[in-house]
Amino acid sequence: KNFENIDLHSSLKKYFGFSQFKGLQEEVIKNVLQRNNTFVIMPTGGGKSLCYQLPALMQEGTAIVVSPLIALMKNQVDAIRGVSSEIGIAHVLNSSLNKGEIKQVKQDITDGITKLLYVAPESLTKEENVEFLRSVVVSFVAVDEAHCISEWGHDFRPEYRNLKSIVERLGDNIPIIGLTATATPKVQEDIIKNLGIGGAKLFKASFNRPNLFYEVRTKTENVEADIIRFVKQNSGKSGIIYCLSRKKVEELAQVLQVNGVSAVPYHAGFDAKTRSKYQDMFLMEDVDVVIATIAFGMGIDKPDVRFVIHHDIPKSIESYYQETGRAGRDGGEGHCLAYYSYKDIEKLEKFMSGKPVAEQEIGNALLQEVVAYAETSMSRRKFMLHYFGEEFDDVNGDGAEMDDNTRNPKEKEEAKDNVVK
Ligand code: ADP
Ligand code: MG
C-alpha cells in the first residue's frame, strides 16, 4: 500500500479527534508507514503512543506492542477501543486470559480485525504465542519503554533482551519501533544494540521544561522547618514531597499536619484501598500536599502541581528529571527544590553495597552525576540537558533564568562578600 496520498491529518482526526500532531509525531509516523526501523525519544507526556497507534490503525495486519506494565496496557487498549465500533481492534495477550478469551483474541487477529496487540515481554517469549504470531500478518513491532532493555535505565527487565531474536522469528523484515523517555546516551546505545536497529532513524524531542525552576539547598538539621516554611509560602498550591523511606514519609506528613498543612502520606506499605484514597484526595484537591516515596507518581496526571520537593536526593539525574517532571504539566509555574547533603549520598551508596558488583558500579556512576548536579555552580537546566545529550544555550534558551545558580550566581555573591569584608 502507498500511504503518500493518504491524508494523515484526516486519520488523526478520525481516530483520535485531534486536529494537529504534537511535536515530531507526523515525521515519526511517516517513517513507520514507510516500514523503516524507528527510534523515538520523547519526554513523558510527549505523545509517544500515537506514534505507533496511528500507523497500526492505518496499515494491514496487526502491530505488536511490547509494554512492561499490565495496567498501562489495559488503559491503552480501552482508549483504542473507544475510537472504533470494533472491540477486537485492540487486545492484550497475557497470562490473565482464560482459554476462551485467548481463542477470541487469536480469531480476531486471524480475521484481520485486530490492529494493535499489546503483550508483556514474557508472553511474547512463550513458544505457543511465537508459533501463532508467525502465522499471521504482523505490520510492525513497537517496543514501548524501550529503556527496560538497558541496565543503565531505571527499570531493567532482562526479558527485553530476547525481543530481537523473537521478532526475527516472526517474519522477514518486520520493522521495529523503539520508544522511550530515557535520553541518556548509554541507554540509547543499549537500545540500538539490543534491538538491532542500528540503521533506525532517530527522532528525539527536546527534554527542556522551560517553566520549571530548579533549586538545590544544602540539607541541614533544619530541613523540616525549611520545608514547612516553603509549603506555607505556597499555601493553597498543589505539591509533592519525595522522601527516600516510608518512615520519613509518615514522620514528615505528621509534622506538616501538626503545622496546619493539609497533607497526606503515600507509600507502597499502605494497602491498595488506602493508597487510592490518599491519591484521590490529592487529585481532587481535598489536600494540598502529598508526602511520598517514589511509589507515587507513575501515571499520575495532575496538571497543576506547583512544586516538587526532594527531602532526600534521588539516585540518578534520570529519576530526578522524571519526578520533577510532574510539576507544571499545564505550562504554569513549577518549583523543583532538592535538599542535598553528602551524608545522603553515602546512605544511597550503602543501600547498593549488597547488590551485584556490576549493578553497584552503574549505581555509583549514576550517583556521582547527582553529586555533580547538586554541587555545580552552572545552570542546573544546562547541566541536566547536557546529561541527556542536549546542548542548552544558557543565554537565549527557553527557561534560561529558571534556576538558582543562574539567578544568584555563586561567584557574584563571593565577590560581594569580599567587598564587604
Ligand atoms: P508518552 O507515552 O510520550 O508519555 P502519551 O502517548 O501517553 O505520552 O500521550 C500523552 C498525552 O498526550 C495523552 O493524553 C494523549 O492523548 C495526548 N496526545 C497525544 N498526541 C496528541 C495530539 N496530536 N494532540 C493532542 N493531544 C495528544
Ligand atoms: Mg508512553
Side-chain angles (χ1 to χ4, degrees), residues 7-33 38-58 63-84 90 92 115-121 140-150 153-155 157 160 176-184 187-188 191 202-209 212 283 297-305 318-319 321-331 388:
D7 187 357
L8 286 181
H9 282 87
S10 67
S11 297
L12 178 69
K13 187 84 195 167
K14 176 179 154 202
Y15 290 115
F16 296 95
F18 300 141
S19 16
Q20 273 178 329
F21 286 105
K22 220 159 111 171
L24 301 167
Q25 281 175 338
E26 185 171 4
E27 286 148 274
V28 172
I29 289 165
K30 281 183 179 157
N31 198 56
V32 174
L33 288 173
T38 309
F39 189 11
V40 180
I41 304 174
M42 286 180 190
T44 306
K48 287 185 286 298
S49 321
L50 202 115
C51 294
Y52 55 81
Q53 289 170 338
L54 190 62
L57 293 167
M58 293 172 68
I64 297 172
V65 182
V66 182
S67 170
L69 286 170
I70 291 180
L72 283 180
M73 290 192 264
K74 286 206 173 111
N75 284 346
Q76 290 222 2
V77 165
D78 289 343
I80 286 294
R81 285 178 178 166
V83 310
S84 162
V92 180
K115 296 278 120 192
L116 285 141
L117 180 70
Y118 286 81
V119 292
F140 60 84
V141 175
V143 181
D144 207 356
E145 315 292 346
H147 56 271
C148 292
I149 218 165
S150 172
H154 50 83
D155 194 12
R157 311 219 172 194
Y160 263 67
I176 296 181
I177 161 168
L179 308 100
T180 181
T182 297
T184 58
V187 173
Q188 284 177 47
I191 291 172
L202 170 67
F203 297 88
K204 186 169 179 229
S206 172
F207 276 62
N208 188 20
R209 294 285 309 275
L212 300 190
L283 293 178
M298 256 288 222
I300 298 274
D301 200 7
K302 189 173 186 343
D304 60 346
V305 173
E318 181 74 38
S319 318
Y321 179 84
Q322 288 295 338
E323 284 148 29
T324 53
R326 291 171 188 138
R329 286 253 169 95
D330 56 4
F388 293 135

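Read the numbers this way: they start at 1 and go in the same order the structure lists the ligands and their atoms. Here the structure is a predicted model, which is why all the values come from computation and not from measurement. Values reported hereafter were calculated over all heavy atoms of this structure, with side chains retained and with hydrogens, waters and symmetry mates removed.
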Student: Answer with yes or no whether Pro43 contacts ligand 1, where contact means a heavy atom under 4.0 Å from a ligand atom.
Tutor: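 Pro43 counts as a contact of ligand 1 under the 4.0 Å cut-off.
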Student: Please report which non-hydrogen protein atom sits nearest to atom 23 (N) of ligand 1, along with the residue it belongs to and the distance in Å to one decimal place.
Tutor: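 Heavy-atom neighbour on the protein nearest atom 23 (N) of ligand 1: Gln20 O, 2.7 Å.
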Student: Hey, which of Leu179, Ile41, Leu24 is the one that makes side chain to side chain contact (heavy atoms under 4.5 Å, CB included) with Phe203?
Tutor: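 Checked Leu179, Ile41, Leu24 against Phe203; only one passes side chain to side chain contact (heavy atoms under 4.5 Å, CB included): Leu24.
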Student: Starting at CE of Met42, measure out to CD of Gln25 and round the result to the nearest 0.5 Å.
Tutor: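 Interatomic distance, Met42 CE to Gln25 CD, rounded to 0.5 Å: 5.5 Å.
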Student: Does any N or O atom in Gly47 lie less than 3.5 angstrom from one in ligand 1, N or O only?
Tutor: yes
Student: How long is the gap from NZ on Lys115 to CE on Met58, to the nearest 0.5 Å?
Tutor: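 Output value for this atom pair is 11.0 Å.
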Student: Please state which part of Phe21 comes within less than 4.0 Å of ligand 1, counting heavy atoms only: side chain, backbone, both or neither.
Tutor: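 For Phe21, the contact with ligand 1 is made by the backbone alone.
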Student: Would you indicate whether the side-chain heavy atoms of Leu54 and Ser11 approach each other to under 4.5 Å?
Tutor: yes
Student: Do Glu318 and Thr184 have side-chain atoms, one donor and one acceptor, less than 3.5 Å apart?
Tutor: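 No pair is found: no donor N or O on one side chain lies under 3.5 Å from an acceptor on the other.
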Student: Nearest to atom 15 (C) of ligand 1, what protein heavy atom do you find, and at what distance?
Tutor: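 Result for atom 15 (C) of ligand 1: Phe18 CZ, 4.5 Å.
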Student: If you scan the protein for heavy atoms around atom 27 (C) of ligand 1, do you find one that is closer than 4.0 Å?
Tutor: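 Protein heavy atom within 4.0 Å of atom 27 (C) of ligand 1: present.
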Student: Parallel, tilted or perpendicular: which fits the ring planes of Phe388 and Tyr321, with parallel below 30° and perpendicular above 60°?
Tutor: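 The arrangement is perpendicular - the two ring planes meet at more than 60°.
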Student: In the protein, what heavy atom is nearest to atom 11 (C) of ligand 1, and what distance, to one decimal place, separates them?
Tutor: Lys22 NZ, 3.9 Å
Student: Against heavy atoms of Thr44, which atoms of ligand 1 measure under 4.0 Å?
Tutor: 4 (O)
Student: Can you tell me which residue and heavy atom of the protein come closest to atom 5 (P) of ligand 1, and the distance to 0.1 Å?
Tutor: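 For this ligand atom, the closest protein heavy atom is Ser49 OG, 3.6 Å.
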Student: Are any non-hydrogen side-chain atoms of Phe140 and Thr38 less than 4.5 angstrom apart?
Tutor: no
Student: Write out the residue and atom name of the closest protein heavy atom to atom 19 (C) of ligand 1, then the distance separating them to 0.1 Å.
Tutor: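 Minimum-distance protein heavy atom for atom 19 (C) of ligand 1 reads Gln25 NE2, 3.6 Å.
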Student: Give the intermediate values and the outcome of side chain to side chain contact (heavy atoms under 4.5 Å, CB included) for residues His9 and Ser19.
Tutor: CA-CA 7 Å; His9 282 87; Ser19 16; over 6 Å; no
Student: Would Leu50 count as a polar contact of ligand 1, with the cut-off being nitrogen or oxygen pairs under 3.5 Å?
Tutor: no
Student: So which protein heavy atom does atom 10 (C) of ligand 1 come closest to, and at what separation?
Tutor: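 Protein heavy atom at minimum distance: Gly45 O, 3.7 Å.
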Student: Rounded at 0.5 Å granularity, tell me how far OH in Tyr15 sits from CD1 in Ile80.
Tutor: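 CD1 of Ile80 is found 10.0 Å from OH of Tyr15.
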Student: Does atom 8 (O) of ligand 1 have any protein heavy atom closer than 4.0 Å?
Tutor: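 It does; a protein heavy atom is within 4.0 Å.
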